[in-house]
Amino acid sequence: RDRVYPSVIRVVLTMFRVFGFRFDMRGVENIPTAGGAVLASNHVSYFDFMFVGLTGWRRGKRLVRFMAKEAVFRHPVGGPLMRGMHHIPVDRAAGTAAFRAATEALTAGEVVGVFPEATISESFTVKALKSGAARLALSAAVPLIPMAVWGPHRLWTKGHKKELTKRHVPVLIKIGQAVELAKGANEVTWQFGIDHPM
């Protein structure tokens, strides 16, 4: 079932070694080794999914299924890879199907990756969080695990020139403990609950 994803990860790991990325990864033990979980990360670059996904691989080679905008799945190169890795397309005009697919993945024991800001933060501060990550965790009765990533913005981010050949980039990744979700009558609220990595 997952022939594509492990192969892609091995290519990415080789790339990390070639370019000498310097990782500081903390809290990997907070990701469960089995069962569903929602990983919710801040969003500072177009490459954040690689670094969030790396944490799952470090935790018993778990594969993180990312929710991503549907347009990415139509890309001639990226689309087949996204489908081969069983990521979840999101049509922002009709998100019910994506929510259902993500919930089914979680209840089947998968780890789902979400960027609750729904876009890259050009100021590199955390924008207002959408409630979808928390709603998913509640719907599937799985832990919501906050993450913070810092460093990939030096390679490629919104509004800045790509620097894809930059070497020895420091990358800090923090994984927090599962957050307590407060469910009101009409809303779900949560916050990252870990310090910003700066």
Side-chain angles (χ1 to χ4, degrees), residues 2 4-6 8-13 15-16 19 21-33 35-69 72-73 78 81-82 84-90 98 101-102 105-106 109-121 124-127 129-130 132-134 136-137 140 142-158 169-179 190-198:
D2 278 303
V4 175
Y5 208 157
V8 170
I9 289 175
R10 292 185 185 100
V11 170
V12 169
L13 290 174
M15 183 190 73
F16 288 164
F19 286 96
F21 285 9
R22 294 183 284 119
F23 286 99
D24 181 356
M25 192 179 300
R26 310 174 191 177
V28 174
E29 68 279 2
N30 291 322
I31 299 174
T33 56
V38 176
L39 298 185
S41 176
N42 66 320
H43 202 5
V44 296
S45 86
Y46 293 108
F47 290 143
D48 290 338
F49 67 95
M50 291 195 301
F51 300 98
V52 174
L54 178 61
T55 65
W57 191 252
R58 289 275 181 92
R59 186 61 164 161
K61 295 189 176 180
R62 303 211 66 186
L63 301 175
V64 182
R65 315 297 180 181
F66 286 95
M67 301 186 74
K69 61 183 179 181
V72 177
F73 291 78
L81 287 174
M82 294 293 283
M85 291 186 281
H86 305 290
H87 294 312
I88 301 167
V90 178
L106 290 165
E110 301 274 12
V111 179
V112 172
V114 179
F115 297 102
E117 296 166 279
T119 188
I120 291 173
S121 173
F124 306 128
T125 58
V126 177
K127 299 167 69 71
L129 304 180
K130 307 296 184 182
L136 276 174
V142 299
L144 174 63
I145 300 170
M147 296 183 56
V149 177
W150 186 251
H153 60 287
R154 297 185 175 99
L155 299 167
W156 188 17
T157 191
K158 186 182 290 186
V169 173
V171 178
L172 173 61
I173 306 172
K174 290 183 179 181
I175 304 102
Q177 296 181 349
V179 298
W190 72 286
Q191 57 186 5
F192 273 103
I194 53 178
D195 295 333
H196 191 278
M198 289 181 65

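Fair warning: this is a prediction, and the values are worked out from it, not measured in the lab.
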Item to complete: Find the distance between CE (Met147) and CD1 (Ile145) and round it off to the nearest 0.5 Å.
Response: 9.0 Å

Item to complete: Give the intermediate values and the outcome of salt bridge (Lys or Arg N to Asp or Glu O under 4.0 Å) for residues Arg22 and Asp24.
Response: CA-CA 7 Å; Arg22 294 183 284 119; Asp24 181 356; over 6 Å; no

Worksheet item: Parallel, tilted or perpendicular: which fits the ring planes of Phe115 and Phe66, with parallel below 30° and perpendicular above 60°?
Response: parallel

Worksheet item: Roughly how far, to the nearest 0.5 Å, is NZ of Lys174 from CG of Asn30?
Response: 12.5 Å

Worksheet entry | Minimum heavy-atom distance between Val64 and Gly113, given as atom pair plus value | CG1-N, 3.5 Å

Practice prompt. Go through the steps to decide whether Leu136 and Val114 satisfy the test side-chain contact (heavy atoms from CB on, under 4.5 Å), and finish with yes or no.
Written response: CA-CA 10 Å; Leu136 276 174; Val114 179; 4.2 Å; yes

Worksheet item: Can Asp2 and Lys61 be counted as an ion pair, charged N to O under 4.0 angstrom?
Response: no

Worksheet item: Are Phe124 and His153 close enough, and set up right, to give a ring-ring contact (aromatic ring centres under 6.0 Å, His included), and what steps lead you there?
Response: CA-CA 9 Å; Phe124 306 128; His153 60 287; 4.8 Å; yes

Discussion item. Any non-hydrogen side-chain atom of Arg154 less than 4.5 Å from a side-chain atom of Pro170?
Written reply: yes

Item to complete: Any chance you could lay out the side-chain contact (heavy atoms from CB on, under 4.5 Å) test for Phe73 and His87, step after step, and finish with the verdict?
Response: CA-CA 9 Å; Phe73 291 78; His87 294 312; 3.9 Å; yes

Discussion item. On a heavy-atom basis, which atom in Pro116 and which in Ser41 lie closest, and how many Å separate them?
Written reply: CD-O, 3.2 Å

Discussion item. Any heavy-atom pair between the side chains of Trp150 and Ile173 that's under 4.5 Å?
Written reply: no

Worksheet entry | Heavy-atom side-chain proximity of Val171 to Pro152 below 4.5 angstrom | yes

Discussion item. Just so I know, are the side chains of Val142 and Val38 near enough to count as touching, which here means a heavy-atom distance under 4.5 Å?
Written reply: yes

Worksheet item: At their closest point, which heavy atom of Ala40 faces which heavy atom of Leu144, and how far apart are they?
Response: CB-CD1, 3.9 Å

Worksheet item: Going by heavy atoms in the side chains, are Phe21 and Phe51 under 4.5 Å from each other?
Response: yes

Worksheet item: Minimum heavy-atom separation for Arg65 to Met85, with atom names?
Response: NH1-O, 2.9 Å

Item to complete: Might you work through the side-chain contact (heavy atoms from CB on, under 4.5 Å) test for Leu172 and Phe23, ending with a clear yes or no?
Response: CA-CA 6 Å; Leu172 173 61; Phe23 286 99; over 6 Å; no

Worksheet item: Is Asn42 reaching over with its side chain to a backbone N or O of Val126, donor-acceptor style, under 3.5 angstrom?
Response: no

Worksheet item: Do you see a donor-acceptor pair shorter than 3.5 Å between the side chains of Lys158 and Ser121?
Response: no

Practice prompt. State, to 0.1 Å, how close His43 and Glu117 come at their nearest heavy-atom pair, and which atoms those are.
Written response: N-OE1, 2.8 Å

Worksheet, complete the sentence: Distance col, row Arg26:CZ vs Thr55:OG1, nearest 0.5 angstrom, shows 15.0 Å

Discussion item. Closer than 3.5 angstrom, by distance alone: can the side chain of Arg62 be matched with the main-chain N or O of Pro32 as a donor-acceptor pair?
Written reply: yes

Item to complete: Given side-chain contact (heavy atoms from CB on, under 4.5 Å), test Leu54 with Arg58 step by step and report yes or no.
Response: CA-CA 6 Å; Leu54 178 61; Arg58 289 275 181 92; 4.2 Å; yes

Worksheet item: Of the non-hydrogen atoms in Val112 and Ala105, which two are nearest, and what is the gap between them?
Response: CG2-CB, 4.2 Å

Discussion item. I'd like to know if the side chain of Tyr46 reaches the main chain of Ile120, judged simply by a donor and an acceptor atom lying under 3.5 Å from each other, with no hydrogens or angles considered.
Written reply: no

